[in-house]
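Right, one structure below, let's go through it.
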Amino acid sequence: AQSVAQPEDQVNVAEGNPLTVKCTYSVSGNPYLFWYVQYPNRGLQFLLKYITGDNLVKGSYGFEAEFNKSQTSFHLKKPSALVSDSALYFCAVRDLGQAGTALIFGKGTTLSVSS
Amino acid sequence: DSGVTQTPKHLITATGQRVTLRCSPRSGDLSVYWYQQSLDQGLQFLIQYYNGEERAKGNILERFSAQQFPDLHSELNLSSLELGDSALYFCASSPGLRGADTQYFGPGTRLTVL
């Protein structure tokens, strides 16, 4: 069965420091991986995705993610955090085990950036 | 703004009642998905429609049903509501059925069952 794990419930970082939000996946076959962000009382906003090709994926708002097949990881990174980056971040993998194209989400990681 | 709209934003109802949540996908998108977000279950896939036809089912209760209309908007019907059905319900849309397609999410409908 496909699955994705976010091992940290919360990540705290100071403004201006680099940030990493971790994600590991388990799929049979090649994964399609996604990162979304959710601000309070808002829907999920798409940040970036890995489908194939370059292992370093660049996305919205200065975020990037590194696909590592050997470690089955897809960590989200940003070189310099902003207070406005504080939000709930979800990693997701395409569910290849059924006929549709649904996403399986991790439980989410709350990112808190202090000034 | 993702281009996906959902109504209503908030819904408060009583146990045993029935409600309908509505979703309009982004222009041109043929796939519509429904997800439920709750504190204990996280974000869970409920059901997907593609061009009017049911495509895949996830953890959707038998008390819940959905449909996609010819104009591609979708409705999620929740009946015999229980306290545990209180959650945020998201609709998402994508162009088609490619695994690489990005899903764009609406703002959600917050359902409170009293």
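Note on naming: letters A, B, ... go to the chains in the order of the sequence lines (proteins, then strands), and numbering restarts at 1 for each one.
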- Message: Report which part of A:Leu103 has an atom under 4.5 Å of a heavy atom belonging to chain B: side chain, backbone, both, or neither.
- Response: both
- Query: Using non-hydrogen atoms only, which part of A:Ile51 is less than 4.5 Å away from chain B: side chain, backbone, both, or neither?
  - Reply: side chain
- Residue part contacting chain B, namely of A:Arg42, when any heavy atom lies under 4.5 Å: backbone
- Non-hydrogen atoms of chain B under 4.5 Å away: do they reach the side chain of A:Lys107, the backbone, both or neither? neither
- Task: Tell me the residues of residues 27-37 of chain A whose non-hydrogen atoms fall below 4.5 Å from those of chain B, in number order.
- Result: A:Tyr32, A:Phe34, A:Tyr36
- Note on the structure: Ranking B:Pro107, B:Ser31, B:Gly108 by heavy-atom pairs under 4.5 Å to chain A gives rank one to B:Pro107
- Task: Kindly work out whether a path of hydrophobic side-chain contacts (I/L/V/M/F/W/Y, heavy atoms less than 4.5 Å apart) joins B:Tyr33 to B:Ile60.
- Result: no
- Message: Counting only heavy atoms not in B:Leu39 (residues, nucleotides, ligands), do more than 12 fall under 6.0 Å from its CG?
- Response: no
- Item | Under 4.5 Å from any heavy atom of chain A - which part of B:Ile47 | neither
- For the pair B:Phe105 and A:Phe46, evaluate side-chain contact (heavy atoms from CB on, under 4.5 Å) and give the outcome as yes or no after the intermediate values. CA-CA 8 Å; B:Phe105 283 74; A:Phe46 169 72; over 6 Å; no
- Query: A:Phe90 versus chain B, heavy atoms under 4.5 Å apart: side chain, backbone, both or neither?
  - Reply: side chain
- Check whether more than 12 heavy atoms from other residues, nucleotides or ligands sit under 6.0 Å from atom CD of B:Glu62, and answer yes or no. no
- Between B:Arg98, B:Lys57, B:Lys9, B:Gln37, which shows the greatest number of heavy-atom pairs under 4.5 Å with chain A? B:Gln37
- Item | Path from B:Tyr49 to B:Leu72 over hydrophobic side-chain contacts below 4.5 Å | no
- Shared hydrophobic cluster for A:Val4 and A:Val21 (ILVMFWY, side-chain gaps under 4.5 Å): yes
- Shared hydrophobic cluster, B:Leu43 / B:Leu76 (ILVMFWY, side-chain heavy atoms < 4.5 Å): no
- Task: With the side chain counted from C-beta on, respond yes when A:Ile104 and B:Phe45 share a heavy-atom pair under 4.5 Å apart, and no when they do not.
- Result: no
- Query: Is A:Arg94 reaching over with its side chain to a backbone N or O of B:Asp101, donor-acceptor style, under 3.5 angstrom?
  - Reply: yes
- Query: What residue, out of B:Leu97, B:Thr102, B:Val4, has the most heavy-atom pairs lying under 4.5 Å from chain A?
  - Reply: B:Thr102
- Message: For the residue pair B:Ser2 / A:Gln45, report whether a side-chain donor-acceptor contact shorter than 3.5 Å exists.
- Response: no
- Item | Enclosure of A:Tyr61 OH (heavy-atom neighbours >12, cutoff 6.0 Å) | no
- Contacting region of B:Tyr50 [heavy-atom separation from chain A under 4.5 Å]: neither
- Query: Which bit of B:Gln6 is near chain A, if near means a heavy-atom gap under 4.5 Å: side chain, backbone, both or neither?
  - Reply: neither
- Is B:Leu46 reachable from B:Leu61 through a run of hydrophobic residues whose side-chain heavy atoms are each under 4.5 Å from the next? yes
- Side-chain contact test, heavy atoms from C-beta onward, threshold under 4.5 Å: evaluate it for B:Gln48 versus A:Asp95 and give yes or no. no
- Message: Rounded at 0.5 Å granularity, tell me how far OG1 in A:Thr101 sits from CZ in B:Arg55.
- Response: 7.5 Å
